[in-house]
Peer 1: 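First, the structure itself, so that you have it in front of you.
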Amino acid sequence: MTDVPSLRAALLDWYDAHARSLPWRASPGSEAKTDPYRVWLSEVMLQQTTVPHAAPYFERFTTRWPTVGDLAAVEDAELMAAWAGLGYYARARNLLACARAVAADHSGAFPQTEAELLALPGVGAYTAAAVAAIAFDRPANVVDGNVERVMSRLFAVETPLPAARPELRRLAALFVDDHRPGDWAQALMDLGSGVCRPRSPLCDQCPLAFGCEALKTGAPERYPLKTKKAERPHRRGHAYVLTDATGRVALVRRPDKGLLGGMAGLPTSDWGAAPDFAPPMEGDWRAAGSVEHVFTHFSLTLEVHVAEGQGDFLWTTAAEAAKALPTVFRKALERGLGAA
DNA sequence: GACACGTGGCT
DNA sequence: TAGCCAAGTGT
């Protein structure tokens, strides 16, 4: 009933005419093979992250570290600072671990099979399949949020996410083929991102409209169905902006595990319902107002306090601190210094 | 399977 | 505007 060859041909034709030009894609017409390092780096940066947000980071990383060997040699703190602002910081820790594993265990060359890629830190089912397909042109079932949405509409899947995931994966697998596997994966994702969008899909521009069950229902945007998410709790905390006589700021390095793990941060209280005000130094602490921040699974109000002092911290200029800090602390620092 | 894990843009 | 959403992975 579903004409897989016709759908495949239609989407690949569409991709030949409409493929986006992206920094990590080989330029059209170029015979150069796509560099697996750049494919891997882009895929990790794009996990749960938009193209406009990731693109400048990709440019900076590939300029500073043109090969996986260069990346493997970077100090942890330098890498974490370069990732600051991109979010999901476990990705940065795993990125470094992966680069070092490729350098140490694979002679500096990315392995080409899905199974070997999957064994690398921070490389899951999606990224392993994407690198195998895009960098090495191997047939692989590349399933991300875009592909799930396209499949859920093409087949009008009534099961809500995340329960529908195995079924959507089986449907996507129907299209995996050794003809242009890398282009197929990217075509599906370009379609999902630009045409088969979550809201207001552009079905009149869709090369797969002729075979789309959701379009026949008259409400394609209803797919994929989703189960309602739990409500996001709210937490409070105190953040301490301690400066020395020269204006440098006291930072700490956060533990490797957990929220903002491995990142530089401001000293803070615990975060909870009514955290104690317990600054890291005695001193003349002044309230500097508060900042709001929203994480994936809770929102946060951070009361900012400022004082001058000394002590055993990572003392950093305000400009360097702003660059190395995750966004929540960058906001708190700006609030603290602005009020100082 | 459920949950932890960031951020910024869009509606 | 408050929520939804983006090329997921690890535990």
Side-chain angles (χ1 to χ4, degrees), chain A residues 20 22-25 38-58 80 83-95 97-98 117-131 133-135 140-150 160-166 168-169 172 182 184-194 196-201 221 224 226-235 254-263 265 271 291-300 325-331:
Chain A
R20 284 181 294 176
L22 297 169
W24 42 85
R25 282 187 182 165
R38 294 167 64 87
V39 173
W40 161 75
L41 181 60
S42 67
E43 292 301 343
V44 173
M45 286 184 168
L46 288 165
Q47 290 167 10
Q48 299 292 290
T49 305
T50 58
V51 166
H53 194 188
Y57 286 83
F58 179 83
M80 299 311 286
W83 196 275
L86 243 199
Y88 283 139
Y89 297 98
R91 291 184 297 170
R93 301 194 299 277
N94 286 327
L95 190 81
C98 182
L117 289 162
L118 197 51
L120 294 167
V123 176
Y126 163 76
T127 303
V131 173
I134 298 169
N141 195 15
V142 181
V143 184
D144 70 342
N146 288 307
V147 177
E148 288 180 347
R149 185 170 55 258
V150 171
L161 286 170
R165 230 155 243 149
L168 296 171
R169 168 171 288 279
W184 173 255
Q186 296 180 91
L188 218 36
M189 291 191 283
D190 275 16
L191 185 79
S193 137
C196 196
R197 310 182 299 191
R199 285 169 294 206
S200 318
E221 69 282 354
K226 299 196 174 185
T227 55
K228 197 168 160 49
K229 286 170 191 159
E231 226 170 283
R232 183 159 30 215
H234 188 261
R235 297 181 192 168
R254 297 174 60 83
D256 276 326
K257 304 240 178 220
L259 190 75
L260 309 173
M263 295 298 290
W271 299 349
V291 295
E292 300 290 332
H293 194 76
V294 181
F295 294 97
T296 305
H297 54 297
F298 67 95
S299 56
L300 176 70
L325 288 171
T327 300
V328 61
F329 291 128
R330 186 176 50 69
K331 292 188 337 195

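By convention in this document, chain letters (A, B, ...) are assigned in the order of the sequence lines, proteins followed by strands, and residues within each chain are numbered from 1.
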Peer 1: Please state how far atom CD in A/Gln48 lies from atom P in B/dG9, giving the value in whole angstrom units.
Peer 2: 17 Å
Peer 1: Examine the base of B/dG6 for any acceptor or donor lying under 3.5 Å from a partner atom in the side chain of A/Tyr88, and report the outcome as yes or no.
Peer 2: yes
Peer 1: I need the A/Arg232 CZ to A/Leu300 CG distance, nearest 0.5 Å.
Peer 2: 12.0 Å
Peer 1: What integer distance in Å separates A/Arg93:CZ from B/dG6:C1'?
Peer 2: 12 Å
Peer 1: When all nucleic acid strands are considered with a 4.0 Å heavy-atom cut-off, which category describes A/Ala125: base, sugar-phosphate, or nothing?
Peer 2: sugar-phosphate
Peer 1: State whether A/His53 places a side-chain N or O below 4.0 Å from either non-bridging phosphate oxygen (OP1 or OP2) of B/dG8.
Peer 2: no
Peer 1: From the options C/dA6, B/dG6, C/dG8, select the nucleotide whose nearest atom is closest to the side chain of A/Tyr126.
Peer 2: C/dG8
Peer 1: What I want to check is whether the side chains of A/Tyr126 and A/Glu43 have a donor and an acceptor closer together than 3.5 Å.
Peer 2: yes
Peer 1: Consider the side chain of A/Lys226, meaning its heavy atoms from C-beta on, and name the nucleotide among C/dA6, B/dA2, B/dG6 that approaches it most closely.
Peer 2: C/dA6
Peer 1: Describe the nucleic acid contact of A/Val328 in one word from base, sugar-phosphate, nothing, applying a heavy-atom distance below 4.0 Å.
Peer 2: sugar-phosphate
Peer 1: What's A/Arg165 touching, base or sugar-phosphate or nothing? Going by heavy atoms closer than 4.0 Å.
Peer 2: nothing
Peer 1: NA contact type, A/Arg197, heavy-atom cut-off 4.0 Å: base, sugar-phosphate, or nothing?
Peer 2: nothing
Peer 1: When the distance from OH of A/Tyr89 to P of C/dG8 is rounded to whole Å, what number comes out?
Peer 2: 17 Å
Peer 1: Mind calculating the distance between CG (A/Leu22) and P (C/dA6) to the nearest angstrom?
Peer 2: 17 Å
Peer 1: Between C1' on B/dG6 and CG on A/Leu95, what's the gap in Å once rounded to a whole number?
Peer 2: 16 Å
Peer 1: Is A/Leu86 touching bases, backbone alone, or none of the nucleic acid, heavy atoms closer than 4.0 Å?
Peer 2: base
Peer 1: When you measure only distances, ignoring hydrogens and angles, does the side chain of A/Thr49 come within 3.5 Å of the base of B/dG6 through a donor and an acceptor?
Peer 2: yes
Peer 1: If you only use heavy atoms from C-beta on, which nucleotide in C/dG8, C/dG3, B/dC5 is closest to the side chain of A/Asp144?
Peer 2: C/dG8
Peer 1: Grab the CG-P distance between A/Leu161 and B/dG1 for me, whole Å please.
Peer 2: 11 Å
Peer 1: Closest to the A/Arg199 side chain: B/dA4, B/dG6, B/dT11?
Peer 2: B/dT11
Peer 1: Parallel, tilted or perpendicular: which one describes the rings of A/Trp24 and A/Phe58, with boundaries at 30° and 60°?
Peer 2: perpendicular
Peer 1: Sub-3.5 Å donor-acceptor pair from the side chain of A/Arg169 to the main-chain atoms of A/Val143, do we have one?
Peer 2: no
Peer 1: Is the distance from OP1 or OP2 of B/dG8 to the nearest side-chain N or O of A/Arg330 less than 4.0 Å?
Peer 2: yes
Peer 1: How many whole angstroms separate atom NZ of A/Lys229 from atom P of B/dG1?
Peer 2: 16 Å
Peer 1: Could you say whether A/Ala163 or A/Thr296 is positioned toward the 5' end of DNA chain B, judged by the nucleotide with the nearest heavy atom to each?
Peer 2: A/Ala163
Peer 1: Answer yes if the side chains of A/Gln186 and A/Arg25 hold a donor-acceptor pair under 3.5 Å, and no otherwise.
Peer 2: yes
Peer 1: Side chain of A/Asn94, heavy atoms from C-beta onward: which of B/dA2, B/dC5, C/dG10 has the nearest atom to it?
Peer 2: C/dG10
Peer 1: So A/Val123, base contact, sugar-phosphate only, or nothing? Heavy-atom distance under 4.0 Å.
Peer 2: sugar-phosphate
Peer 1: Within this structure, what is the CE-to-P distance between A/Met45 and C/dT9, rounded to whole angstrom?
Peer 2: 16 Å
Peer 1: Of all heavy-atom pairs between A/Leu118 and A/Ala128, which one has the smallest distance, and what is that distance?
Peer 2: N-CB, 3.9 Å
Peer 1: With a non-hydrogen cut-off below 4.0 angstrom, is A/Thr127 in contact with a base, only sugar-phosphate, or nothing?
Peer 2: sugar-phosphate
Peer 1: Hey, which of these two, A/Gln186 or A/Lys257, hits DNA chain C nearer its 5' end, going by closest nucleotide?
Peer 2: A/Gln186
Peer 1: What nucleotide, of C/dT9, B/dT7, B/dG9, holds the atom closest to the side chain of A/Gln47?
Peer 2: C/dT9
Peer 1: Can you tell me if A/Ser193 touches the phosphate of C/dA6, counting only side-chain N or O atoms and a distance under 4.0 Å to OP1 or OP2?
Peer 2: no
Peer 1: Classify the nucleic acid contact of A/Gly85 as base, sugar-phosphate or nothing, counting any heavy atom under 4.0 Å across all strands shown.
Peer 2: sugar-phosphate
Peer 1: Base, sugar-phosphate or nothing for A/Pro121? Non-hydrogen atoms, less than 4.0 Å.
Peer 2: sugar-phosphate
Peer 1: Would you measure the distance from the P atom in C/dT9 across to the matching atom in B/dG8 and give it in whole Å?
Peer 2: 22 Å
Peer 1: Contact class for A/Gly258 vs. all strands (heavy atom < 4.0 Å): base, sugar-phosphate, or nothing?
Peer 2: sugar-phosphate
Peer 1: So what does A/Leu188 hit on the nucleic acid, given a heavy-atom distance under 4.0 Å: a base, only sugar-phosphate, or nothing?
Peer 2: nothing
Peer 1: Determine the contact category for A/Trp24: base if any of its heavy atoms lies under 4.0 Å from a base atom, sugar-phosphate if only primed atoms, P, OP1 or OP2 are that close, otherwise nothing.
Peer 2: base
Peer 1: Of the candidate nucleotides B/dT7, C/dA6, B/dA2, which contains the atom at the shortest distance from the side chain of A/Pro162?
Peer 2: B/dA2
Peer 1: Please confirm whether the backbone N or O of A/Asp256 pairs with a side-chain atom of A/Tyr89, one donor and one acceptor, at under 3.5 Å?
Peer 2: no
Peer 1: Verify the ring-centre separation between A/Phe295 and A/His297: is it less than 6.0 angstrom?
Peer 2: no
